[in-house]
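Letters A, B, ... mirror the listed sequences (proteins, then strands); counts begin at 1.
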There are 2 protein chains.
Amino acid sequence: MNQDKILQSLVAENLVSDLESARGRLLREAARLFREKGYERTTVRDLAAAVGIQSGSLFHHFRTKEEILKAVMVETIRLNTALMQAAMNSADSNREKLRALVSAELESINGQTGEAMAVLVFEWRSLSEASRAEVLELRDIYEALWLDVLTGLKEEGALVADPFIVRRMLTGALSWTVTWYRPERGGLTQNDLTDQVVAMLGLS
Amino acid sequence: MNQDKILQSLVAENLVSDLESARGRLLREAARLFREKGYERTTVRDLAAAVGIQSGSLFHHFRTKEEILKAVMVETIRLNTALMQAAMNSADSNREKLRALVSAELESINGQTGEAMAVLVFEWRSLSEASRAEVLELRDIYEALWLDVLTGLKEEGALVADPFIVRRMLTGALSWTVTWYRPERGGLTQNDLTDQVVAMLGLS
DNA sequence: TTACAAACCAAGCGCTTGCTTGGTATTGTC
DNA sequence: GACAATACCAAGCAAGCGCTTGGTTTGTAA
């Protein structure tokens, strides 16, 4: 199952907005602006201008500005969880699964959903307590994928360190790539980067 | 030269504010609030209340709110650069130096200056273009320390991966610890964590 | 054509924000 | 004890913020 198919099925289930719809376009622009300027520095007037409507008209689609931020985050997690699930299913051994996860997460961070992923990393403090809990719940599903594989590797003896710690180090290292990795310039492909990460863990 | 001595000499040179002074207390409270709520969500009234003065009185010490953020960042980098310098000087081999750097950075992130370091990681987008350039310049000095050691290890053959990439992965992994590592609860000491990081790089 | 909902506009309200102002204590110095 | 300089207060201004309101246009289906 390729990436487009996964996206389409999520759209069909109403778990992710169609990029062609008004809502989808708004969320994409919101992710771009939130990443570029930060959530607080982005005004509802900025958001409206980015999609060519009046600021008041935003509130026909979302009740509050924060709801827009939450939607960006929730839909991004949903999409990436599904993508990771699929990437893992096409791998057999735990080693291969880990490589698939690293590769998929790098793709999430540096590919199409990159801007939204950056928002997820940097803007969670702007969520209300309630929204934060909701997002964290979704993230737990996502994290469980990682821990299953890392725990498996630990049991096989392929991994020495604690799976929880390794995952946390990886979270930091991988999400930080968003601040420096530019695949378009410089010879380092996403595959090379995946290799380096796997090698760093002594699992190549 | 111990940590207190280093701090004292920086204070004497007017590169870092005395924690006892009004300015120093304000910067510490600012770091706490900026980390807790984010720079944008922290108002000058919050800041003033935290040190027990009126909001207008802040502007006797700083010309703008942004200047407070910049001061938090600049002083933190200055202090930590000096601490890292010292930690490195008391190590002989490049392996030991790397361990000293990792240990010192973990201490920066999770010790006294932890709140300010988190601000440095998460709030740089709230700086004006000019301030950002100023902060980046200071950071370059700091980063040069790391690259010297990592390049040395590469030349010795102890490191396979690219020093720049390793440093960037480490930056992400180490600064991310601020979001999860709680030395006070749980058996993992800062030394244990340093061990795990060094081991992860195959340099233990 | 009619009916109705969804999508949007124009205007602006009420509040909070960073910062200014004019004046008053407090402190250090000779 | 005079006298600055420093540190602060009380009050409030102008601008920008998220969001609301009442009304108009657009799309859809009978």
Side-chain angles (χ1 to χ4, degrees), chain A residues 11 14 17-34 36-73 119 123-132, chain B residues 11-12 14 17-73 119 123-132:
Chain A
V11 170
N14 248 326
S17 307
D18 187 358
L19 274 176
E20 308 292 314
S21 72
R23 185 187 156 99
R25 267 198 310 277
L26 175 59
L27 289 182
R28 199 180 58 221
E29 290 300 314
R32 219 199 69 232
L33 286 168
F34 289 166
E36 189 180 311
K37 323 206 297 175
Y39 171 77
E40 304 287 347
R41 293 184 97 92
T42 304
T43 69
V44 292
R45 288 164 180 84
D46 291 335
L47 289 171
V51 291
I53 59 174
Q54 291 296 102
S55 67
S57 306
L58 278 183
F59 296 89
H60 174 74
H61 300 280
F62 297 90
R63 271 177 309 178
T64 63
K65 182 189 171 191
E66 194 219 342
E67 203 171 279
I68 300 176
L69 178 62
K70 195 180 91 179
V72 167
M73 293 185 168
V119 171
E123 305 295 340
W124 56 270
R125 255 178 331 184
S126 294
L127 286 177
S128 68
E129 208 68 42
S131 304
R132 208 180 296 178
Chain B
V11 170
N14 247 328
S17 308
D18 186 357
L19 274 175
E20 307 293 315
S21 72
R23 186 186 156 98
R25 267 198 309 277
L26 174 59
L27 289 181
R28 198 179 60 221
E29 290 300 313
R32 218 199 71 231
L33 286 167
F34 289 165
R35 187 211 160 153
E36 188 180 313
K37 323 205 299 175
Y39 171 77
E40 304 286 348
R41 293 183 98 92
T42 304
T43 68
V44 292
R45 286 163 181 83
D46 291 336
L47 290 170
V51 291
I53 59 174
Q54 292 296 103
S55 68
S57 306
L58 279 183
F59 296 89
H60 175 74
H61 300 279
F62 297 90
R63 270 176 312 177
T64 63
K65 182 189 171 191
E66 195 219 341
E67 203 172 277
I68 300 175
L69 178 62
K70 196 180 90 179
V72 168
M73 293 186 167
V119 171
E123 305 296 341
W124 56 270
R125 254 179 331 184
S126 295
L127 286 177
S128 68
E129 209 67 44
S131 305
R132 208 179 295 179

Practice item. Could you tell me from which nucleotide to which nucleotide of DNA chain C, 5' to 3', there is an atom under 4.0 Å from chain B heavy atoms? Key: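 The protein-touched segment is C:dT17 to C:dT20.
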
Exercise for review: Tell me which residues in residues 59-68 of chain B put a heavy atom below 4.0 Å from DNA chain D, sorted by number, or none.
Suggested key: B:His60, B:His61

Practice item. Take atom CZ of B:Arg23 and atom C1' of D:dT6, then tell me their distance rounded to the nearest Å. Key: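 So the two atoms are 15 Å apart, to the nearest Å.
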
Review point. How long is the line joining CZ of B:Arg45 and P of D:dC13, in whole Å?
Key: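 One finds 13 Å between P of D:dC13 and CZ of B:Arg45, rounded.
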
Point to revise | side chain to side chain contact (heavy atoms under 4.5 Å, CB included) partners for A:Arg23, two or more places apart | key: A:Ser17, A:Ser21, A:Leu27, A:Phe62, A:Ala71, A:Glu75

Show me the side-chain donor-acceptor pairs of residues 51-60 of chain B shorter than 3.5 Å, one per line, residues at least two apart or across chains.
none

**Study point:** Heavy-atom closest contact (B:Arg125 atom, B:Arg132 atom, distance)
**Key:**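 Smallest heavy-atom distance, with atoms named: O-NH2, 3.4 Å.
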
Name each donor-acceptor pair under 3.5 Å that joins a side chain in residues 37-48 of chain B to protein atoms two or more places apart or in another chain, with its distance.
residue, atom, partner, partner atom, Å
B:Lys37, NZ, B:Asp46, OD2, 2.9
B:Tyr39, OH, B:Glu66, N, 3.2
B:Glu40, OE2, A:Arg41, NH1, 2.3
B:Glu40, OE2, B:Ser126, OG, 3.3
B:Arg41, NH1, A:Glu40, OE2, 2.2
B:Thr42, OG1, B:Leu33, O, 3.4
B:Thr42, OG1, B:Gly38, O, 2.7
B:Thr43, OG1, B:Arg45, N, 3.3
B:Thr43, OG1, B:Asp46, N, 3.0
B:Thr43, OG1, B:Asp46, OD2, 3.3
B:Asp46, OD2, B:Thr43, N, 3.0

Practice item. Taking the side chain as every heavy atom from C-beta outward, state whether A:Glu123 and A:Val72 have any atom pair closer than 4.5 Å. Key: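 Side chain of A:Glu123 against side chain of A:Val72, heavy atoms only: no contact under 4.5 Å found.
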
Check your understanding: Among residues 33-44 of chain B, which contact DNA chain C at a heavy-atom distance under 4.0 Å?
Key -> B:Thr42, B:Thr43, B:Val44

Review point. If you measure from the Lys or Arg side-chain nitrogens to the Asp or Glu carboxylate oxygens, is any gap between A:Glu29 and A:Arg32 under 4.0 Å?
Key: yes

Review point. Looking at B:Ser57, does any N or O in its side chain come under 4.0 Å of the phosphate oxygens OP1/OP2 on D:dC9?
Key: yes

Review point. What is the distance from atom NE2 of B:His61 to atom CD of B:Glu67, rounded to the nearest 0.5 Å?
Key: 12.5 Å

